[in-house]
2 protein chains.
Amino acid sequence: MEMPHCDTCGSRHKSVFCSLSEQEVNNVDASKGCNIYDRGQVIFHEGNRTNGIYCINKGKIKLFQLGSEGKEQIIRFAKAGDIIGYRALLSEEPLSASAEAIEEAVVCFIPKAQVFSLITDNPNFNFKLLKTLSHELGEAAKIITDLAQKPVRERLAETLLMLKDTFELNEEKTIQVKLSREELANIVGTATESVIRLLSEFKKDEMIALEGRNIRLLNIPELTRVANIFD
Amino acid sequence: MEMPHCDTCGSRHKSVFCSLSEQEVNNVDASKGCNIYDRGQVIFHEGNRTNGIYCINKGKIKLFQLGSEGKEQIIRFAKAGDIIGYRALLSEEPLSASAEAIEEAVVCFIPKAQVFSLITDNPNFNFKLLKTLSHELGEAAKIITDLAQKPVRERLAETLLMLKDTFELNEEKTIQVKLSREELANIVGTATESVIRLLSEFKKDEMIALEGRNIRLLNIPELTRVANIFD
DNA sequence: TTAAAAACATGAATTTTATCATGTTTTTAT
DNA sequence: ATAAAAACATGATAAAATTCATGTTTTTAA
């Protein structure tokens, strides 16, 4: 594999690393290691320790926890420019989730020492980290309230809109990520059959179109109404 | 009211402020403002902006979001030594939750400038903040998985154990916090009647004893088993 | 390429959970 | 102290969601 350079990494400027000096970018470059992961390959395992953070150069990643019955709960997604594994590194706790590529991905590993030296020496990086963590915590609180209070139909509509925001639509209004019905169920927090049924309903109501795992959002205002989102 | 001094604040040494120098403590003291809140009084409102963080000197606080039907979802609790409002301050977003005293509380307000100067000048404080945020994010992920996958009965048992860990038991094994059945339902994510019914069951099975709003945990191993917690 | 496995789909039955109705007890405010 | 309000409690009913069963389609691997 050809090692990608942070220098030429397209997503660096909209990432947590956007404020790094040339010298700092070179330091990160020198200390990092990169890997290609095929669809389905695991980047790290829940419960393990981490000695650095992972930066997504290319591809799409799902982060999930295993529930007590061995069922996956997808906590969030990461894509080019995002970092993963920082929560465990900073809290000095084991990884709270596993990370798995949902399409071919290139992921760089930045060792702990490098991360901590950036935190110490680059206030902008530090504030970016604080901001990322705080933002994620706010998102998590919203998800908690939704899971606790909204019925499955609303949560599925909301999930489709979240996937649109995260991965965007192409020209044909198709969400740019392919997930199985089971994976959708593992975001929504429901049974696979319920997702299948509700997707069929959304299709019948012409809110979406289905072509295999591709989902086209035909009527976003109506999906928003179903999701019961007021903000 | 008598203004409490950080200097003599019993919880400071186990809080995020434990690493402050004498000078820094004096600076915080000089810039802070304190208030007493009676049970039921609101400290801040979801959706508003904040210009600092709130440090609990005494008392117990619930943090909650309002769901789309106007129902409270309790996200977490705070007690002496804890800080609240930092998520919104650091993410530069509106407050994601409201804070309300569930018993008489003394809460100090530390202005933004003071917080940011500590972040910049005291690496230990900064790391404590990063650690707190990361830890909270991990807790939130666990809650998400539980809400998505565990039935109400298990979640209620788990909630009782969480309250035990947060507020501790007295000599009679009573959880040291008084919550209404409705508030318990707003943690668990269920209907008030379901909480009432399940508490009666737990009582019949001699896992707990009920005396008004006091809950005594008689059989913690069995509660743990019901909660289906393997760690 | 073809057999096996996995994913998708749908109906029926069952379980879980919420809602509604009603009565009692406790708390709060005058 | 007492009336009103809120909280607690429980049964009956209804709704929501899961599970089970079964068949089809799609994907994967030999």
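Reminder, nothing fancy here: chain letters follow the sequence lines and each chain counts from 1.
- Formation of a donor-acceptor pair under 3.5 Å by the Lys60(B) side chain with backbone atoms of Gln176(B) is found in this model.
- One atom, CD of Glu211(A), and another, C1' of dT26(D), lie 16 Å apart when rounded to the nearest Å.
- Between the two ends of the helix from dT1(C)-dA30(D) to dT30(C)-dA1(D), each summarised by a five-pair axis, the helix axis turns through 60° (rounded to 10 degrees).
- Rounded to a whole Å, the CD atom of Glu69(A) is 13 Å from the C1' atom of dT18(D).
- In this structure, Leu156(A) atom CG and dA16(D) atom P are separated by 16 Å, rounded to whole Å.
- Across dT17(C), dT19(C), dA17(D), the shortest atom-to-atom separation from the side chain of Ala191(B) is found for dT19(C).
- In this structure, the side chain of Asn51(B) does not engage the main chain of Lys112(B) through any donor-acceptor pair within 3.5 Å.
- Between the side chain of Thr190(A) and the backbone N or O of Ala185(A) there is no donor-acceptor pair closer than 3.5 Å.
- Panel note: side chain Asn170(A), backbone Thr174(A); a donor-acceptor pair is recorded below 3.5 Å.
- For His135(A), the side-chain hydrogen bond (donor to acceptor under 3.5 Å, both in side chains) partners two or more places apart in sequence, or in a different chain, are Glu93(B).
- A donor and an acceptor atom, one from each side chain of Arg87(B) and Ser96(B), are located under 3.5 Å apart.
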Short heteroatom pairs, N/O only, protein and nucleotides 7-15 of chain C, under 3.5 Å:
{"unit_1": "dA7(C)", "atom_1": "O3'", "unit_2": "Arg213(A)", "atom_2": "NH2", "d": "3.1"}
{"unit_1": "dC8(C)", "atom_1": "OP1", "unit_2": "Arg213(A)", "atom_2": "NE", "d": "3.1"}
{"unit_1": "dC8(C)", "atom_1": "OP2", "unit_2": "Arg181(A)", "atom_2": "N", "d": "3.0"}
{"unit_1": "dA9(C)", "atom_1": "OP2", "unit_2": "Arg181(A)", "atom_2": "NE", "d": "2.9"}
{"unit_1": "dA9(C)", "atom_1": "OP2", "unit_2": "Arg181(A)", "atom_2": "NH2", "d": "3.2"}
{"unit_1": "dT10(C)", "atom_1": "OP2", "unit_2": "Ser200(A)", "atom_2": "OG", "d": "3.0"}
{"unit_1": "dG11(C)", "atom_1": "N7", "unit_2": "Arg197(A)", "atom_2": "NH1", "d": "3.0"}
{"unit_1": "dG11(C)", "atom_1": "O6", "unit_2": "Arg197(A)", "atom_2": "NH2", "d": "3.4"}

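- Contact between the side-chain N/O atoms of Thr190(A) and the OP1/OP2 oxygens of dA17(D) is not found at any separation under 4.0 Å.
- Following rounding to the nearest Å, Leu198(B) (CG) and dA18(C) (C1') show an atom-to-atom distance of 12 Å.
- At whole-Å resolution of the value, NZ in Lys178(A) and P in dT27(D) are 8 Å apart.
- A donor-acceptor pair is defined here as one N or O able to donate and one able to accept, closer than 3.5 Å; such a pair exists between the side chain of Arg39(B) and the backbone of Ile102(B).
- Formation of a donor-acceptor pair under 3.5 Å by the Gln73(B) side chain with backbone atoms of Ile187(B) is found in this model.
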